[in-house]
Each structure stands twice: as C-alpha cells, then as structure tokens.
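Below is one structure, written out as structure tokens; comments come after it.
Note that the structure is a prediction, hence the values are computed from the model and not measured. No hydrogens, no waters, no symmetry mates; every other heavy atom, side chains included, goes into these values.
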There are 2 protein chains.
Amino acid sequence: MQNSKTPEEMEAAFGQQLRDLRLRRNIDQRQLAVQTGVALNAVKNLENGRGATLTSLVKVLRTLGRADWLETLAPAVAISPMQMLKAKQPRQRASKPKGSSHV
Amino acid sequence: MQNSKTPEEMEAAFGQQLRDLRLRRNIDQRQLAVQTGVALNAVKNLENGRGATLTSLVKVLRTLGRADWLETLAPAVAISPMQMLKAKQPRQRASKPKGSSHV
DNA sequence: AAATAATGGACTATTTTAAGTCTATTGATT
DNA sequence: AATCAATAGACTTAAAATAGTCCATTATTT
C-alpha cells in the first residue's frame, strides 16, 4: 500500500510543488522561463505535469535556487570508524544471484 | 557563487545517486528497467546523465521505493496559529510589480 | 587468469518534448 | 464591476528521448 499514486498523479503533484516555489518568489512563468533559458511551454509542462525533460527540471531548479535538493536523493549511509577501516571498495555493478531459484 | 555546477554536471551527479540507490538494492539495470516498465536505454540515460524524461525518473523512483523523495521539494512553510487565522488564501498567480522601474 | 555477466556506446525507427505563436479563460488589480 | 495580465490550451516544426538490438569493454566470479 505504498505506491498509491500513479506516475501521472505524482508528476502533477510534483508540478504543483514547483509552482509553489515559483510563487513564493513571486515571478510569473514567463519570467522563470526567460531567466532559465527555456521555453515558456517547458515551464508549463513541468508545473502541469504534462511531460517534461530532466534537463528542463534541473535548469528551472537552478533558477529557483533549489538545485541543492537534487543532491538529497541518496544520502550517504553512516558507518562507524571501525567499519570504515575494513570497508571494501563500493560495488560498481549488481551481483550475480538475483532471484531465488538455483543455478 | 552558488551555482557552480553546470546543468550537465548536475544531471550526471544526480544519475550517480540513482545508480547508488539501485546498487544498494543490488539489482542490475535490466531488472530495474523491466520492473519499472521502461526500456533499458531509459535507465542508462538516467544513470549516465544523458538526457531523460521526468516520467522515466518518476517511474524508476517508484520501483526503487524512493517516490517519497519527490514530495520533499517544497516543504510547507511553518506559521503560527495566530498567523494561521489571519492567513489569506494562497496566491495562484504571480503579482504585478515585477521589476523596479515605474509604470 | 579465464569465464561470465553487467554496463557503455552506437544505430534506427517511433514517440515525446521543446520552442514559438495565438487565443480563451480567469485571478488579481484598480 | 471593469480592466489587466497570468495562465491554460491548441497548433506546428524542430529537437530530444524512448524502445529495441547488437557489439565492445570491464567488473566480478569461479
């Protein structure tokens, strides 16, 4: 029961947050688009959840001064100094045994 | 001096975080793509910062169990009960006086 | 160190988004 | 309540991303 919202709903809700950020700065879509260097349509698409590119999002976030948010996706796991010492280099690829079946 | 990274660099760094999340769950790109219902290329594009759609990102985040992150972009501002009372309905559009010049 | 499998990169066709412009609607201002 | 301007929506063209496939590279396993 954790993925209640559909991807479409999630994009729409996300767009509303972007709109909130913009309105807090009290700038209109056109200004945001110009300052960002993207088309007005790109901003509309983002805010209305009508489909957008990650590039447009990143650029807009920069303009809104919220680029730091992008770095909070996968926070580093905290480990003790002892663990730190015996820590082997992080995995770069997924490992073999994927499922449960044998062979 | 706050926007040091270029949008390209930011997308790349973001992709690395997505990769980290995937590797913590120890699944390969192909599995992630299949479970998510997107093409393997879409996952590659995301992780390598080669350009992707917001839709692909949202879907992948759902699969990785990190969809909640999308709701942390614009946290509600905390206001006191007193302010709560006299709070007028939130603005839906940006307001007039944008620049500094007159008329 | 050999074998295996995960990932990167290239390519083509298809679908989606960006960009640019115009019109209709409606929130905000006076 | 009348005016003004921000936003939604539709349309067209260009650019970019997705999907599907194949091969090269290299981390990981044995």
Length of the line joining [X]:[atom1] and [N]:[atom2], which is rounded to integer Å:
| X | N | atom1 | atom2 | answer |
| --- | --- | --- | --- | --- |
| B:Leu18 | C:dT7 | CG | C1' | 16 Å |
| A:Gln29 | C:dG20 | CD | C1' | 16 Å |
| A:Asp28 | C:dA28 | CG | P | 14 Å |
| A:Ile27 | D:dA5 | CD1 | P | 18 Å |
| B:Gln31 | C:dT7 | CD | C1' | 14 Å |
| A:Leu23 | D:dA6 | CG | P | 12 Å |

Strictly below 4.0 Å: does B:Asn48 bring a side-chain N or O up to OP1 or OP2 of C:dT7?
no
Give a yes/no answer on whether the side chain of B:Arg22 brings an N or O atom under 4.0 Å of OP1 or OP2 in C:dA6.
no
Would you say that [X] contacts [Y] through its side chain, given a criterion of any heavy-atom pair below 4.5 Å between the two side chains?
| X | Y | result |
| --- | --- | --- |
| A:Leu18 | A:Leu61 | yes |
| A:Asn48 | A:Arg19 | yes |
| B:Lys44 | B:Arg50 | no |
| A:Ser56 | A:Asn45 | no |
| B:Gln31 | B:Val34 | no |

Search all heavy atoms of A:Ala74 against all heavy atoms of B:Arg24 and return the closest pair with its distance.
O-NH2, 3.6 Å
Output one letter per nucleotide in nucleotides 10-23 of chain D: B when a protein non-hydrogen atom lies under 4.0 Å from the base, S when only the sugar-phosphate is that close, - when neither is.
B------SSBBB--
To the nearest 10 degrees, what angle separates the axes at the start and end of the helix from C:dA1-D:dT30 to C:dT30-D:dA1, five pairs each?
80°
Stretch residues 83-94 of chain A: residues that reach within less than 4.0 Å of DNA chain C through a heavy atom
A:Arg93, A:Ala94
ring-ring contact (aromatic ring centres under 6.0 Å, His included) contacts in which one or both residues fall within residues 38-76 of chain B, not counting sequence neighbours
A:Trp69-B:Trp69, B:Phe14-B:Trp69
Can you pull out every ring-ring contact (aromatic ring centres under 6.0 Å, His included) where at least one residue sits in residues 33-62 of chain A? Sequence neighbours excluded, please.
none
Run the salt-bridge test on A:Asp20 and A:Arg22 with the 4.0 Å N-O cut-off and return the result as yes or no.
no
Check the pair B:Leu32 / B:Leu64 against side-chain contact (heavy atoms from CB on, under 4.5 Å), numbers first and verdict last.
CA-CA 8 Å; B:Leu32 177 56; B:Leu64 292 174; 4.0 Å; yes
Sequence neighbours excluded, which residues qualify as salt bridge (charged side-chain N to carboxylate O under 4.0 Å, His left out) partners of B:Glu71?
A:Lys5
